[in-house]
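Comments concern the structure below.
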Amino acid sequence: MTLSEYPKTATLKDGTEVTLRPMVAADVDALHAFFAKDVPEEDRLYLRDDVADRRVVEGWTRNIDYDRVLPILMFRGQRVIADGAIRHNPHGWSRHMAEVRLVVARAYQGKGAGFVLLKELVHVAQSKKAQMLLARVFENSPGGISTFQKLGFRVEAVLHDFATDIKGRRQNIAVLVRDVDELWTSMEDLLWHGDWRSDS
């Protein structure tokens, strides 16, 4: 995979045409608007950073390193409707692992936006020669664990009181893993048979 592959277009369940491409510095306004307006507080509560704080988003867009973290944005027109990323270190004992994260605007949840974005992130993980995909989610986040489990991720561990949410409360973190190539094959099968349209 190379950055020259982007932008890419895709179609959601309801026929909405979307565009996917890596985040760039000029996306700061659109990305901040996405988190501040389209991701409600009850969803932001379970994210690692206080993404409603513009300074957080500015930090991301100032310090882009595609080799370390490749952030992919999904657009409808000029509006960001989903944000995802693959984090991968090609060296050391965890070089076979890649960590995935994604956030979808409330209005586009249940329309296949998460599936389409995750499939693109799996493609990125494959291009980086990662063999396992890891996701870390708050144990009690609405739909967080179940969304990944629907795609065959298994809960490998629960880290108790491992994180503090934006309200200052301690939260358990669930660690889920999935074989990259097996996940890609299962997602291709879902697309081929059209089954993804009945899922999230």
Side-chain angles (χ1 to χ4, degrees), residues 1-10 12 16-91 94 97-109 111 113-114 116-125 127-128 130 133-138 141-144 147 159 162-171 173:
M1 188 213 75
T2 64
L3 296 179
S4 63
E5 294 181 18
Y6 296 98
K8 297 181 178 180
T9 58
L12 303 186
T16 299
E17 295 288 332
V18 297
T19 303
L20 298 97
R21 64 162 174 79
M23 180 179 72
V24 297
D27 291 324
V28 60
D29 291 332
L31 190 56
H32 179 252
F34 162 71
F35 283 120
K37 298 176 182 178
D38 297 324
V39 181
E41 184 179 22
E42 57 264 35
D43 290 352
R44 297 197 308 267
L45 186 66
Y46 300 100
L47 301 180
R48 188 175 301 180
D49 299 300
D50 184 2
V51 291
D53 185 340
R54 184 182 173 89
R55 292 171 298 181
V56 171
V57 179
E58 288 174 346
W60 291 350
T61 56
R62 271 199 313 266
N63 301 296
I64 299 173
D65 180 352
Y66 293 144
D67 291 329
R68 184 176 62 89
V69 180
L70 182 56
I72 302 291
L73 301 181
M74 179 182 286
F75 291 85
R76 183 182 183 186
Q78 301 302 310
R79 177 181 174 189
V80 175
I81 63 170
D83 164 51
I86 283 286
R87 179 185 299 271
H88 178 250
N89 182 351
H91 308 290
S94 63
M97 300 287 297
E99 183 173 357
V100 62
R101 67 162 179 80
L102 61 98
V103 184
V104 178
R106 178 66 67 87
Y108 289 88
Q109 293 176 12
K111 296 184 177 182
V116 170
L117 181 53
L118 181 59
K119 186 172 183 291
E120 182 61 28
L121 296 173
V122 173
H123 173 61
V124 173
S127 74
K128 292 179 175 292
L133 204 59
L134 176 148
R136 289 188 283 186
V137 299
F138 281 57
S141 63
T147 297
L159 308 176
F162 193 77
T164 303
D165 65 28
I166 60 175
K167 297 289 189 181
R169 297 174 296 196
R170 292 287 183 89
Q171 299 279 358
I173 294 291

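- With sequence neighbours excluded, no residue forms a side chain to side chain donor-acceptor pair (under 3.5 Å) with N89.
- With values rounded to the nearest 0.5 angstrom, L133 atom CG is found 9.0 Å from E99 atom CD.
- Between A25 and I64, the shortest heavy-atom distance links the atoms N-CD1, 3.8 Å.
- Residues satisfying the side chain to side chain contact (heavy atoms under 4.5 Å, CB included) test with D65, not counting sequence neighbours, are D67, R68.
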Test K111 against V18 for side-chain contact (heavy atoms from CB on, under 4.5 Å), laying out the working first.
CA-CA 12 Å; K111 296 184 177 182; V18 297; over 6 Å; no

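- The nearest pair of heavy atoms linking M97 to H88 is O-CD2, 3.0 Å.
- Remark: A163 engages F138, I173 in a side chain to side chain contact (heavy atoms under 4.5 Å, CB included) (not counting sequence neighbours).
- In this structure F35 satisfies the ring pair (Phe, Tyr, Trp, His ring centres under 6.0 Å) test together with W60, sequence neighbours excluded.
- Judged as a side chain to side chain donor-acceptor pair (under 3.5 Å), and not counting sequence neighbours, S94 has no contacts.
- Partners of R170 according to the salt bridge (Lys or Arg N to Asp or Glu O under 4.0 Å) rule, which considers only residues two or more places apart in sequence or in another chain, do not exist here.
- Put simply, CZ on R55 and NE2 on H32 are 10.0 Å apart, with the number rounded to the nearest 0.5 Å.
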Set out, in order, the CA-CA distance, both residues' side-chain angles and the distance that settles side-chain contact (heavy atoms from CB on, under 4.5 Å) for V103 and F34, then state yes or no.
CA-CA 10 Å; V103 184; F34 162 71; 4.1 Å; yes

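- Under the rule for a salt bridge (Lys or Arg N to Asp or Glu O under 4.0 Å), the partners of E58 that lie at least two apart in sequence or sit in another chain are R54.
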Just distance, no hydrogens or angles: give the donor-acceptor pairs under 3.5 Å from side chains in residues 74-87, sequence neighbours left out.
residue : atom : partner : partner atom : Å
R76     : NH1  : Y108    : OH           : 3.0
R79     : NE   : D38     : OD2          : 3.4
R79     : NH2  : D38     : OD1          : 3.0
D83     : OD2  : R101    : NH1          : 2.8

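- In this structure, CZ in R21 is found 4.0 Å from CG in D27, a value given to the nearest 0.5 Å.
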